[in-house]
Student: 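Here's a structure for you.
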Amino acid sequence: MAKVRVATVWFSGCAGCHMSLLDIDETLIDLAGMIDLRNSPLTDLKVFPEDGVDVTLIEGAVANEEHLHLARTARAKSKIVIALGDCAVTGNVPAMRNGLDPDRMIEDIYGKPVTSNGALPYEGVPRLLTRVSPLAEVIPVDYFLHGCPPPAGLIAKAVLALVDGKTPELVGPDLKFG
Amino acid sequence: MEKQIHIEPVTRIEGHGKITVFLDDKGDVRDARFHVTELRGFEQFCVGRTLWEMPGLTARICGICPVSHILASAKACDAILAVQIPSTAVLLRRLMNSAQLVQSHALSFFYLSAPDFLLGWDSDPAARNVVGLVAANPELARKGIRLRSFGQEIIDRLGGKRIHPGWAVPGGVNQALSSADRAWTLGRLPEALATIQETLSLFKGAFGDAEARRVLSDFPSMYMGLVRPDGAWEHYAGVLRIVDAKGKIVEPGYDPSRYYEIIQEAAEPWSYLKFPYYVPKGYPDGMYRVGPLGRLNACDHIASPLAQAELEEFRQRSGGRSGRVFDYHYARLIEILAALEEIGQLLADDRIGSSTIRAEAGVNAREGVGVHEAPRGTLIHHYWVDKDGVIEKINLIVSTGHNNLAMNRAITQIAKAHIKKGKATEGILNRIEGGIRAYDPCLSCSVHAVGRMPLAVEIVGPDGEVRETLRRD
Ligand code: SF4
């Protein structure tokens, strides 16, 4: 059987959802035999594969221009897109900056007297979007894994079902936030 | 014509970043920069929240070391309550921080960096990751996974959740250690100790020679870490010590709550991560390093026998203090050993089973600083509140930030050593990334902020024009 091609993407989040994925511990060894892990912060494949993947897991909210661009690429090139965790599902903590003006924020964080030289980061870094969005506001999403982070067992359940060609059954506690 | 090489994104690190290498007319390296490309703005949006929410909120800065933020935050809140927390709460917080050192260091070593050593710097990039490691050496991979899992499981048993446990609170912790969990932890400890000792001998055997240890650059700097009053390695309490490249004491024991007198930050237009420096030396000469290598270079000794023996051997092989970036990995393994030994020491202390774990109080001070050692280095939370405990201002200096100047120094040195006439192979780019990876930067934390670090190497010509972008796909 051909291995299922999986990508994982990290937008504005804390890496906790990726860590929860690793918290499946030794199941990872079994999973490693069933999937072909493509573009991911855990691998050195830097570019989203041209020929696409079967499943993409996305952690984090959409907060800058680069995220927006990559979200669209991931959607176009994945059969299934999963919003992994509350930041991707609702915006969660990263969206707490909504209502603050990004330029003002940059000024407050980097300007004098906070730093001694007051240089503002505007070159060679992606521009912040005015508003942080949950994933489903910018692209269609197939499955939502709730939790901050989603428990390792829930991630394993969803991924193993998809690898098996089935639809993950998300019910009861699987739909809990936080 | 100047060229740039981009590495984007930097991968197998915890955060969002990229690297630019600047070349001169001849194609030799002039400079290299590590850009941190994300910003979340915790210092802004936490204003107006209450003190009691801060450990839970700031945990979301980082899912790799949430315990670090929870503990630094709780310590800053303790200072605002102006309480001394119960001794059992101190023991339990130390236990959780030791568990976190184990899990986070194991993640960095086995999941993120080991593929470079065990599969090779120039090996196939498609397999040079944890999945490739599982395929190539399933036994070692399983041991590494179980070692990380041991740390995560202790955190779960104490706090009810592996990631973002709502456990440490202003005044102490909110759940005691059960005797069943204490017994479980003691039962699994020997396996964890055996794994780390085996990994240390493997590491020293295969990578111990001076040549291998130089591969990721070698330069002098100052080093900072918390130490106990007697100069011992420390991670939860103690005083801030800074030493020079030779280990000579520069700051013997600064009160951590007055960190701002010796540490200030600069900013650069090309990174969301600030650049802290040691004030008396100015910017950028006041470069210092933190984290595993910083702590081992700053302390006099480690207060547990196995780790102390490793520290002595490490110093002997290094001829004193080590400035080698590769030695971050070596130091990280020694720290896992020290943390495991401390877990054993803590569990042997009968006070750890008490249920007196929290001091109740209101707002008794308008400002509080919480400092401790996160896996990646000294972490500082500083809050100002109004009389009701509503946050008015926050300053966070995260571990990775302290190493920002040094990470840029490392990649410049590696790029200069390897890139000639503008030519860089994939394996060379991977070594440049390896220079960053050794510091185990947590970009999630960095910009309260950091996420995925993509690495592209961009080559920029003298006219500023981007000549070439090398990416892996
Ligand atoms: S949902 Fe929670 S764990 Fe996941 S990225 Fe967001 S803050 Fe981190």
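Chain naming here is simple, since letters A, B, ... match the order of the sequence lines and numbering starts at 1 in each. All values below were derived from every heavy atom in this structure, side-chain atoms included, with hydrogens, water molecules and symmetry-related copies excluded.
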Student: Residues in side-chain hydrogen bond (donor to acceptor under 3.5 Å, both in side chains) with B:Ser68, at least two apart?
Tutor: B:Gln100
Student: Identify the residues of residues 52-62 of chain A whose heavy atoms come closer than 4.5 Å to a heavy atom of chain B, ordered by number, or report 'none'.
Tutor: none
Student: Identify the two heavy atoms, one from B:His164 and one from A:Pro149, that lie closest to each other, and give their separation to 0.1 Å.
Tutor: CD2-CD, 3.9 Å
Student: With a 4.5 angstrom heavy-atom cut-off, is it the side chain or the backbone of A:Leu100 that approaches chain B, or both, or neither?
Tutor: side chain
Student: What verdict does the side-chain contact (heavy atoms from CB on, under 4.5 Å) test give for A:Leu28 and B:Val134, after you've listed the backbone C-alpha separation in whole Å, the side-chain angles of each residue and the deciding distance to 0.1 Å?
Tutor: CA-CA 9 Å; A:Leu28 199 61; B:Val134 168; 5.7 Å; no
Student: Give the member of A:Pro151, A:Ala32, A:Gly16 that has the highest number of heavy-atom pairs under 4.5 Å with chain B.
Tutor: A:Gly16
Student: Got a sec, which residues hit side-chain hydrogen bond (donor to acceptor under 3.5 Å, both in side chains) with B:Arg146, two or more places apart in sequence or on another chain?
Tutor: A:Glu26, B:Glu191
Student: Give the minimum heavy-atom separation between A:Met105 and B:Gly41, together with the two atoms involved.
Tutor: CE-CA, 4.1 Å
Student: Specify the closest pair of heavy atoms between B:Arg49 and A:Met96, including all atoms of both residues, with the distance to one decimal.
Tutor: NH1-CE, 3.5 Å
Student: Salt bridge check, A:Asp25 against B:Arg162: does any charged N sit closer than 4.0 Å to a carboxylate O?
Tutor: yes
Student: Do A:Leu22 and B:Gln152 come close enough that some side-chain heavy atom pair is under 4.5 Å?
Tutor: no
Student: Please list all pairs passing the ring-ring contact (aromatic ring centres under 6.0 Å, His included) test where one or both residues lie in residues 153-175 of chain A, with sequence neighbours left out.
Tutor: none
Student: When rounded to the nearest 0.5 angstrom, what distance separates CG in A:Asp101 from CD in B:Gln44?
Tutor: 11.5 Å
Student: Measuring from atom CD of B:Glu153 to atom CG of A:Asp23, what distance do you get when rounded to the nearest 0.5 angstrom?
Tutor: 9.5 Å
Student: For residues B:Ile163 and A:Ser20, report the shortest heavy-atom separation together with the two atoms involved.
Tutor: CD1-N, 3.5 Å
